[in-house]
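Working notes, structure below.
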Number of protein chains: 2
Amino acid sequence: MKPQVDTVAILGLGLIGGSLAKALRKSGFCRRVIGYGHREPSLRRGLELGVIDAFTLDLGEAINTADIIVICTPTLVAAEVLGEILPQTQAMAEPPLITDAASVKGSLRDAALRICGEFPAYLVLGHPIAGSERSGVEAAKADLYNNHRVILTPVPQNDAAAVARVHAMWLATGADVVEMTVDRHDAVLAATSHLPHLLAYSLVDALAQSAESDEIFRCAAGGFRDFTRIASSDPVMWRDIAIANRSALLQAIDLFSNHLGQLRQAVSEEDAEGLHATFTRAKTARDDFARILADRGQGKPN
Amino acid sequence: MKPQVDTVAILGLGLIGGSLAKALRKSGFCRRVIGYGHREPSLRRGLELGVIDAFTLDLGEAINTADIIVICTPTLVAAEVLGEILPQTQAMAEPPLITDAASVKGSLRDAALRICGEFPAYLVLGHPIAGSERSGVEAAKADLYNNHRVILTPVPQNDAAAVARVHAMWLATGADVVEMTVDRHDAVLAATSHLPHLLAYSLVDALAQSAESDEIFRCAAGGFRDFTRIASSDPVMWRDIAIANRSALLQAIDLFSNHLGQLRQAVSEEDAEGLHATFTRAKTARDDFARILADRGQGKPN
């Protein structure tokens, strides 16, 4: 397959950036993938592992050689990186296309608006819904995005060709690419990912601080392990996401708390019918969801 | 090994009762295991599968031949079964030892007190912390309790020899047997199992009812699948548990809601330090817990 672009530059060569680099090299979407960053050892490691074709420590060089720059850093760092890149690209006649992989989109949209005054046509925000309990460039794998969803959040100011190109890049990794508005993305991610993380952290911390914590953790079993697995996630990353997606997360917390309050009342009133109706609706929705994931090739249907 | 007792009778030959029957037959703890119940087909199936040595549909026969009767029905049914058995055993000079496997202990203690006026010395309440996403006698396996915790909740009125014998029975299945008070058991189980189920049901139902539910479930991934797995549990069983353990569950909900409220405030105030501290404490506790489970031979350390 003839490469669709010459050079893709990846900023942040961890699991997400490294896996994208591997997938793009394997797909032939571009002629080469280069890494850019401040940490030479991890870039050198990426080169040794065959994850990238070359690397540079010079942002100017990355900007001037790349057709597409993909910011693969955590959410708050991505906003800082935009602050370094956009002032330079704004002055270019033909700036490279810029996209990202951060978990929150509204905070990056706002950062771009602050930096540039108006939203740059060549900045296409995106978010691959994929990850792993492992991290770092060593954990990168070419099929991380295969059959996984990537959400692009184009804005009216975007150049349609730029959006189509980012779309094509992710398609080349085997991903299932969808588009939605920035606000919709942040609401959906708050509901399916950010709120669950907060609930898991909150439950484990509440139990750990209780007087019976030793007995509690000694008596918990497999269901509790699954339910709390996401409470083992990186505290720095989730602190940043919670703050970056503050507004949508607060709405999701309130929706949930309201619902939990109703269920509490049903328990309190021993409302067998109400409890059964809620549990049955939830089971049906959960079973449907697990089947969707399994049909997409993501694990067993449970 | 010489059998410690002659006959164990299992009431309710599903996953829990069938697995206990298999484990006891394998261990040689008793000379024989019989099944009792109202449904002849499932008892006959248990006999064909070699799960039990014999069965009876006559409660009187079960009471008169068994040294130990184990009630392995769901929580609310267990209370009804006590209502059938105890009036008969109360009249016996040497009643069989009675124990159970239900998820809530306070409701059964109260049922026994209502039925008998005082708590019977030969009734030892217990709860094996084990299960499976599968159910029914076909799913029964001899090693279900191996390395899993069994909680016994003896009361002051209990005969010490009766408690020791139930302890020995569960030890024969390979379980790790601990004792605690009825109230402590119900509080610990509310925290580690009943509350998580309520949270998972509540989250899934809240999202399923939201306007964006289609997009939400299409964009959710593996973390959400793990977090909500327990929302695929049997609605009838969990309705009954929620009502049977009403008081401890309400306390657990309030502890959690209070904690979530604090975390909500930290998000609202963009309190990075507070969020980081909470997430870090939770991650440490969760990682410790996962290691404990793994050391006990229950799955991978994550």
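Naming convention: chains lettered A, B, ... in sequence-line order (proteins, then strands); numbering from 1 in each chain.
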>> Nearest 0.5 Å, please: how far is OG in B:Ser202 from CZ in A:Phe279?
In response: 9.0 Å

> What part of B:Ile253 gets closer than 4.5 Å to chain A, counting heavy atoms only: side chain, backbone, both or neither?
Replying inline: side chain

> Can you tell me if CD on A:Glu270 sees more than 12 non-hydrogen neighbours from other groups inside 6.0 Å?
Replying inline: yes

>> With a 4.5 angstrom heavy-atom cut-off, is it the side chain or the backbone of B:Gln209 that approaches chain A, or both, or neither?
In response: side chain

> Is it the side chain or the backbone of A:Leu189 that comes within 4.5 Å of chain B heavy atoms, both, or neither?
Replying inline: neither

>> For A:Glu273, is there any backbone N or O sitting under 3.5 Å from a side-chain donor or acceptor partner on B:Arg239?
In response: no

>> So for A:Asp254, is it side chain, backbone, both, or neither that comes closer than 4.5 Å to the heavy atoms of chain B?
In response: side chain

> For A:Leu199, is it the side chain, the backbone, both, or neither that has a heavy atom closer than 4.5 Å to a heavy atom of chain B?
Replying inline: both

> When rounded to the nearest 0.5 angstrom, what distance separates NZ in B:Lys283 from OG1 in A:Thr228?
Replying inline: 11.5 Å

>> Need one label for A:Leu260: side chain, backbone, both or neither, based on atoms under 4.5 Å from any heavy atom in chain B.
In response: both

> How many angstroms lie between CG in B:Asp205 and CD in A:Gln262, if you round to the nearest 0.5 Å?
Replying inline: 9.0 Å

>> Please classify the contact of A:Thr284 with chain B as side chain, backbone, both or neither, using a heavy-atom distance under 4.5 Å.
In response: neither

>> Please classify the contact of A:Arg184 with chain B as side chain, backbone, both or neither, using a heavy-atom distance under 4.5 Å.
In response: side chain

>> Rounded to the nearest 0.5 Å, what separates atom CD1 in B:Ile292 from atom CZ in A:Arg218?
In response: 8.0 Å

>> Need one label for A:Ile216: side chain, backbone, both or neither, based on atoms under 4.5 Å from any heavy atom in chain B.
In response: both

